[in-house]
*Asks:* 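Just dropping this structure here.
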Amino acid sequence: MTVLVHAMGGARMATAETRGGLRAEVWTELGAVEALWRSIEAGPACLGTPYQRFDWVASYRVAEVDPGALRVIVLREADGRPRLLLPLTVTRERGVRVARVVGGYHANYHLPLFASREAAAIPGDDLRALLAEVGREAGIDVYVLAHQPRTWEGAANPLSLGGMASPSDAYGMRLGLDPEETVRRAFSADARKKLRQKEKRLVETVGPVAYRCAATQEESATFLAAFYLQKSARFASLGIRNPYAEAPIRRFLARAAGPGDGSGRPAMELHALVARDSGRVLATFGAAVSEDRFSGMMTAFEADPEIARCSPGDLLLHHLVREQAARGRRGFDLGVGEARYKASICDETIELVTVTIPVTLRGRLQGLALEGLGRLKARIKRSPRLWALAQKARRLRAG
């Protein structure tokens with residue numbers, strides 16, 4: 001495969017002819033590929049998740065949450081039309097160059113950004129072979145592509161072919177045109193009655209409450225500060241390391257919740273249940289968003305027993321389902337991992353897999369080792385007995 005490398009305003013772009021007449025480009029700077037990226041996003045037939053929006057990825061990269069070199073792979077048709085875009089971070093692990101989709105575990109889904117459903121119809125074997133070819137020129141030994149949904153919005157994900165089941169799946173629901181009907185579908189009559197009673201008790205405890213979506217930088221900072229305190233208390237009680245205590249992730253969240261650089265729509269929305277008189281934040285919820293999807297990234301609530309017994313997180317979630325349907329969004333998901341509040345309202349399981357694509361011999365060896373570790377994690381996470389033992393051991397270590 002012949003490769004040409006061009007200098008473009010400080011960025012480097014490698015181009016190559018691949019099988020099937022497709023042309024591959026490998027970009028090393030976000031700014032150099034921004035216009036193309038946004039044009040794919042804006043296409044009426046675009047198939048992707050909120051986590052591959054330019055503003056979300058740019059917020060993550062600028063905050064330097066994960067170290068590593070950027071590689072944005074673009075596949076084009078022979079006539080120049082873009083087919084897919086895949087943003088990657090390449091890091092050295094035991095001397096092996098491992099490529100992962102930008103976002104790590106902070107992104108629930110790592111689907112490539114497809115220009116259309118037709119673009120996503122590329123055979124899985126062909127896509128894997130193409131990425132292996134491009135990987136040699138991009139300085140990659142092995143791709144480890146986690147959180148690949150088997151299907152997305154009814155379309156098969158060709159990159160999920162041959163993938164290994166992830167330790168956890170994700171959970172979501174479709175929002176209807178009628179917000180009230182959607183709420184009735186998500187919450188049973190008994191559940192709605194209990195929530196009304198809990199909201200009444202909460203008002204008796206803290207006074208009138210309000211549901212808010214951060215509309216200013218000041219509100220975003222207030223909601224994030226409350227989230228950090230709430231999550232810190234929760235992680236401490238479980239004996240879990242608190243990733244939100246780290247400066248890079250805080251920079252990322254602050255930037256992602258900003259106004260956005262191109263679309264005017266933030267990469268992430270922050271919602272909160274607030275005591276109206278005191279301004280006290282009782283529950284928080286952050287989600288990656290696109291025009292038609294709301295994807296939960298994080299949530300927390302006040303640990304004060306008098307407040308916690310009123311289930312402020314459930315009250316906020318109840319409001320969010322109605323509000324997002326009213327805003328015209330059709331996809332609503334609560335992200336990766338099992339939880340009571342997810343099972344109670346979600347009627348869709350989003351199956352996830354991890355895909356390993358070796359490029360070199362040492363990449364193949366590293367990939368086999370990582371696959372073995374992944375199978376072990378999946379076995380523990382999907383076994384109630386083993387997972388309970390793992391949680392107990394974690395609490396003992398923390399204590």
Side-chain angles (χ1 to χ4, degrees), residues 1-5 12-28 33 36-37 40 47-49 52 69-91 93 96-102 109-152 155-166 351-372 374:
M1 180 170 59
T2 303
V3 179
L4 302 175
V5 180
R12 288 169 63 83
M13 179 190 75
T15 63
E17 292 296 329
T18 66
R19 67 180 63 193
L22 293 177
R23 188 175 83 238
E25 300 171 354
V26 182
W27 298 83
T28 63
V33 75
L36 170 64
W37 198 323
I40 297 174
L47 181 70
T49 89
Q52 283 75 58
L70 177 72
R71 297 289 185 269
V72 180
I73 295 176
V74 177
L75 294 184
R76 292 182 184 268
E77 303 286 359
D79 61 6
R81 288 177 300 159
R83 184 157 190 168
L84 70 83
L85 181 149
L86 184 64
L88 302 165
T89 297
V90 181
T91 58
E93 302 176 21
V96 179
R97 297 165 299 185
V98 181
R100 292 184 168 87
V101 180
V102 175
Y109 314 111
H110 288 164
L111 185 76
L113 187 66
F114 292 102
S116 65
R117 288 177 179 269
E118 290 73 23
I122 182 172
D125 285 336
D126 288 352
L127 181 53
R128 291 170 66 99
L130 283 166
L131 290 177
E133 288 182 19
V134 174
R136 295 185 182 92
E137 314 306 329
I140 295 169
D141 290 311
V142 61
Y143 297 84
V144 180
L145 308 177
H147 290 190
Q148 291 293 324
R150 290 193 183 276
T151 62
W152 190 256
N157 173 14
L159 202 52
S160 71
L161 180 70
M164 178 180 63
S166 297
E351 294 185 42
L352 301 174
V353 299
T354 297
V355 178
T356 303
I357 305 174
V359 177
T360 65
L361 176 58
R362 60 182 178 179
R364 182 178 298 277
L365 296 175
Q366 178 76 344
L368 290 172
L370 292 172
E371 284 182 345

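Computed over heavy atoms, backbone and side chain alike; hydrogens, waters and symmetry mates excluded.
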*Asks:* Which atom names give the shortest non-hydrogen contact between Pro358 and Val142, and what distance separates them?
*Replies:* CA-CG2, 4.0 Å
*Asks:* Could you tell me the separation between the CG atom of Leu75 and the CG atom of Leu86, rounded to the nearest 0.5 Å?
*Replies:* 8.5 Å
*Asks:* For Arg76, what residues pass the side-chain hydrogen bond (donor to acceptor under 3.5 Å, both in side chains) criterion, not counting sequence neighbours?
*Replies:* Glu25
*Asks:* For the CG atom of Leu131 and the CG atom of Asp126, what is their distance to the nearest 0.5 Å?
*Replies:* 11.0 Å
*Asks:* So, for Pro123 and Pro158, which heavy atoms are closest and what is the spacing to 0.1 Å?
*Replies:* C-CB, 4.5 Å
*Asks:* Nearest 0.5 angstrom please: Arg71 CZ to Thr89 OG1, how far?
*Replies:* 10.0 Å
*Asks:* Please walk me through it: do Val102 and Leu70 pass side chain to side chain contact (heavy atoms under 4.5 Å, CB included)?
*Replies:* CA-CA 8 Å; Val102 175; Leu70 177 72; 4.2 Å; yes
*Asks:* Would you say Val355 and Arg128 make side-chain contact, with heavy atoms under 4.5 Å?
*Replies:* yes
*Asks:* Who pairs with Glu351 by salt bridge (Lys or Arg N to Asp or Glu O under 4.0 Å), at least two apart in sequence or on another chain?
*Replies:* Arg150
*Asks:* Check whether any side-chain N or O of His147 sits under 3.5 Å from a backbone N or O of His110 as a donor-acceptor pair, and report yes or no.
*Replies:* no
*Asks:* I'd like to check the side-chain hydrogen bond (donor to acceptor under 3.5 Å, both in side chains) partners of Tyr143; sequence neighbours left out, ordered by chain and number.
*Replies:* none
*Asks:* What heavy-atom pair brings Phe114 and Ala120 nearest, and what distance separates the two atoms?
*Replies:* CD2-CA, 3.5 Å
*Asks:* So, do Leu88 and Ile140 sit near enough that their side-chain heavy atoms are less than 4.5 Å apart?
*Replies:* yes
*Asks:* Nearest heavy-atom pair of Ala99 and Leu145: which atoms, and what distance?
*Replies:* O-CD2, 4.1 Å
*Asks:* With sequence neighbours excluded, what pairs up with Arg83 under the salt bridge (Lys or Arg N to Asp or Glu O under 4.0 Å) test?
*Replies:* Glu77
*Asks:* Taking side chain as C-beta onward, heavy atoms only, is Leu111 less than 4.5 Å from Gln52?
*Replies:* yes
*Asks:* With sequence neighbours left out, what residues match Thr151 under side-chain hydrogen bond (donor to acceptor under 3.5 Å, both in side chains)?
*Replies:* none
*Asks:* Taking the side chain as C-beta and beyond, is there a heavy-atom pair between Arg100 and Glu93 under 4.5 Å?
*Replies:* yes
*Asks:* If I take atom CG from residue Leu127 and atom CG from residue Leu159, how far apart are they, to the nearest 0.5 angstrom?
*Replies:* 5.0 Å
*Asks:* Which heavy atom in Ala115 sits nearest to a heavy atom in Pro82, and how many Å separate them?
*Replies:* CB-O, 3.3 Å
*Asks:* Tell me, please, which residues at least two apart from Asn157 pass side-chain hydrogen bond (donor to acceptor under 3.5 Å, both in side chains).
*Replies:* Gln148
*Asks:* Which one of Leu113, Val33, Leu84, Leu47 satisfies the side chain to side chain contact (heavy atoms under 4.5 Å, CB included) criterion with Ile40?
*Replies:* Leu113
*Asks:* Would you call Leu85 and Ile73 a side-chain contact if the rule is heavy atoms closer than 4.5 Å?
*Replies:* no
*Asks:* Nearest 0.5 angstrom please: Met164 CE to Leu352 CG, how far?
*Replies:* 12.0 Å
*Asks:* Which pair of heavy atoms, one from Pro149 and one from Ser160, lies closest together, and at what distance?
*Replies:* O-CB, 3.9 Å
